[in-house]
Amino acid sequence: MKNALLFLTLLCPALFSCNQTKTKNHQQAEEQKTEAAKADSVVYQSQALTIIKLTDHTYQHISYLDTDTFGKVPCNGMFVINEGESIVFDTPTHSESAKELIIFIRSELKSKITTLIPTHFHEDCIGGINEFDTQGIPAFVGTRTIKLLTDNNYNFKTPVNAFNDSLNLKLGNQAVVVHFLGEGHTQDNLVGYFPLDHVLFGGCLIKSVGAGKGNLEDANVQQWPATVANVKRKFPEANLIVPGHGKTGNTALLDYTIQLFETNNQ
């Protein structure tokens, strides 16, 4: 009996260690699968622009902004396609990358860009807006963003479609919705939602998990967590979240952003 107990005493730590190793190996394997899947979903890449297919209808575009404070920053935008039409959230950061995006959507996806939606007035959202403007692509812009752009001496060459707190659009036979749900990163930050794929474009209002607070120059840090809580309540079925910078993810991005700024306010 004593020998049996001794054997079990020696065996249990070994089994526990083995199980830990298996769990760690499994996690690493899953992470590798995820990274491989992301690599496979890159449908376009140049020095200025990367395009990633996220779902059957939803794509992420990534361009780059040189900043004094944060260096060269990858900036996310999104576009959705359906029945030969597309809606773009945020322009790439420069006219060159914006032109690449427009050409890709039109030529490779055979899709007409019906709408551009800048989600706030910073350069990482509107840096390539001249290219869209020049090519006559209609822009739907929140009234708060229009005011801030005007205050910063930007004037659209073509008329824009202004809206206040919400916008409902059709993309073929599917809905695309845009909402202002409160201040956070800026006083005009919008979010967009594509119900068909349960994809939310949070823009710079939403942080990727592990990210810092970023540029707070125009932020309302007191209101920020409440605004993200509003987003979470408004779109309970969202299961893929695209932040303004960093990795996409699930609703953990919303929870992380709330916690990040609630901590700031305590």
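Predicted model only: the values in this text are computed from it and were never measured.
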Practice task
Using the side-chain contact (heavy atoms from CB on, under 4.5 Å) rule, take E83 and N173 through it: C-alpha gap first, then chi angles, then the decisive distance, then the call.
Solution key: CA-CA 8 Å; E83 295 186 350; N173 62 353; 3.3 Å; yes

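- Closest heavy-atom contact between P118 and I126: CB-CG2, 3.6 Å.
- With rounding to the nearest 0.5 angstrom, the OG1 atom of T186 is 11.5 Å from the CG atom of L216.
- Two residues are said to be in side-chain contact when any heavy atoms from C-beta on lie closer than 4.5 Å; D90 and D124 fail this criterion.
- When atom types are taken as modelled, the side chain of K207 and the backbone of K213 share a donor-acceptor pair closer than 3.5 angstrom.
- Distance alone, capped at 3.5 Å, is enough to place a donor-acceptor pair between the N76 side chain and the P243 backbone.
- Interatomic distance, CD1 of I51 versus CD of Q45, reported as 10.0 Å (0.5 Å rounding).
- Remark: the backbone N or O of L54 is not paired with any side-chain donor or acceptor of T58 at under 3.5 angstrom.
- No more than 12 heavy atoms of other residues, nucleotides or ligands sit less than 6.0 Å from atom CD of E123.
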Handout entry: K112 vs R106, side-chain contact (heavy atoms from CB on, under 4.5 Å): CA-CA, chis, key distance, verdict
Key = CA-CA 6 Å; K112 177 185 177 183; R106 287 174 172 172; over 6 Å; no

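- Taking every heavy atom of both residues into account, L205 and W224 meet most closely at O-NE1, 2.8 Å.
- Atoms CD1 and CD, from I105 and E85 in turn, are 12.5 Å apart once rounded to the nearest 0.5 Å.
- Between the side chain of N220 and the main chain of G184, no donor-acceptor pair closer than 3.5 Å is present.
- What you find for G192 and F89 is that their closest heavy atoms are CA-CE2, 3.7 Å.
- None of T150, N152, V141 except one satisfies the side-chain contact (heavy atoms from CB on, under 4.5 Å) rule with F121; the exception is N152.
- Counting heavy atoms from C-beta on, the side chains of H61 and L49 come closer than 4.5 Å.
- Checking side-chain atoms of T91 against main-chain N and O of C125 turns up a donor-acceptor pair under 3.5 Å.
- In this structure, the side chains of F79 and L116 stay at 4.5 Å or more apart for every pair of heavy atoms.
- Contact annotation: the side chain of L169 approaches that of I87 to within less than 4.5 Å [non-hydrogen atoms, C-beta and beyond].
- The side-chain contact (heavy atoms from CB on, under 4.5 Å) with T248 is formed by just one residue from the set I52, V199, L240; it is L240.
- Interatomic distance, NE2 of H57 versus OG of S86, reported as 12.5 Å (0.5 Å rounding).
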Practice task
Please report the C-alpha distance between Y44 and E100 in whole Å, then the side-chain angles of each, then the deciding distance to 0.1 Å, and finally whether the side chain to side chain donor-acceptor pair (under 3.5 Å) criterion is met.
Solution key: CA-CA 10 Å; Y44 178 87; E100 288 182 38; 2.7 Å; yes

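- For T67, the side chain to side chain donor-acceptor pair (under 3.5 Å) criterion is met by no residue, not counting sequence neighbours.
- Closest of all the heavy-atom pairs between V228 and L254 is CG1-O, 3.6 Å.
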Exercise for the section: Dump the intermediate steps for side-chain contact (heavy atoms from CB on, under 4.5 Å) on H179 and L190, then the final yes or no. Expected result: CA-CA 6 Å; H179 284 275; L190 305 170; over 6 Å; no

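- Atom CZ in F235 sits 10.5 Å away from atom CG in N230 (nearest 0.5 Å).
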Exercise for the section: For side-chain contact (heavy atoms from CB on, under 4.5 Å), just list the numbers for F163 and T145, CA-CA rounded to whole Å, side-chain angles, deciding distance to a tenth of an Å, and then say yes or no. Expected result: CA-CA 10 Å; F163 65 95; T145 304; over 6 Å; no

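- Residues I81 and Y59 have side chains in contact (heavy-atom distance under 4.5 Å, counting atoms from C-beta outward).
- Two residues are said to be in side-chain contact when any heavy atoms from C-beta on lie closer than 4.5 Å; F194 and T55 fail this criterion.
- When all heavy atoms are compared, the tightest approach of F132 to P92 is CE1-CD, 4.1 Å.
- S63 OG to L101 CG: the interatomic distance, rounded to the nearest 0.5 Å, is 8.5 Å.
- For E96, the CD atom counts as loosely surrounded, since its 6.0 Å shell holds 12 or fewer non-hydrogen atoms of other residues, nucleotides or ligands.
- A salt bridge links K232 with D255; the closest basic N to acidic carboxylate O contact falls under 4.0 Å.
- Proximity of N215 to H122: side-chain heavy atoms (C-beta onward) are separated by under 4.5 Å at one or more points.
- Contact check for N164 versus T143: side-chain heavy atoms found under the 4.5 Å cut-off.
- Follow the hydrophobic side-chain contacts under 4.5 Å out from I129 and you never reach I103; the two are in separate clusters.
- Closest approach of Q187 to L148, counting heavy atoms only: CG-CD1, 3.8 Å.
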